[in-house]
Amino acid sequence: MADVTGWEVAVLDGGPADGMRVKVADRPRVVQVSYPCRAEGAPSGVRVEGVYVYRLDHGVTDEPLRYGFDIACP
C-alpha cells in the first residue's frame, strides 16, 4: 500500500543496480539509473554517464514494487 505521501518502495531487479531499493511516486513505467563515466579531453562542463533502464513489472501490485532491467534499452 502507498503511504500518505504517495511514495511506494520498489526494488530494482537485474542489471548494475540489482537489489537497490528506491521510493517512487505514481508508479512510473520506467526508472532510469545512471553512473558517471570518466571523460578524457572533454570540454569544460561536459559530462558522460552510462544510462540503464528498468521497467515496471505490472504483475506486482503490492510493495515492494519491482522494476526489471531492460537490457535492450540504450
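The shown structure was predicted, so the numbers you read here are calculated from the model rather than taken from an experiment.
- With sequence neighbours left out, the side-chain hydrogen bond (donor to acceptor under 3.5 Å, both in side chains) criterion links R66 to no other residue.
- Residues that satisfy the ring pair (Phe, Tyr, Trp, His ring centres under 6.0 Å) test with Y54, not counting sequence neighbours, are F69.
- Considering only residues two or more places apart in sequence or on other chains, V24 meets the side chain to side chain contact (heavy atoms under 4.5 Å, CB included) condition with A10, V22, P28, V31, L65, Y67.
- Judged as a side chain to side chain contact (heavy atoms under 4.5 Å, CB included), and not counting sequence neighbours, the contacts of V9 are R21, K23, E63, P64.
- Going from atom CD of Q32 over to atom CG of D70 covers 12.0 Å, rounded to the nearest 0.5 Å.
- Residues satisfying the side-chain hydrogen bond (donor to acceptor under 3.5 Å, both in side chains) test with R47, not counting sequence neighbours, are E49.
- Under a hydrophobic-cluster definition in which Ile, Leu, Val, Met, Phe, Trp and Tyr are linked whenever side-chain heavy atoms come within less than 4.5 Å, directly or via other members, V11 and I71 are assigned to different clusters.
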side-chain contact (heavy atoms from CB on, under 4.5 Å) for D18 and L12? Distances and angles first, verdict last. CA-CA 5 Å; D18 186 45; L12 304 182; over 6 Å; no
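- Applying the salt bridge (Lys or Arg N to Asp or Glu O under 4.0 Å) rule to pairs touching residues 28-39 yields nothing, sequence neighbours excluded.
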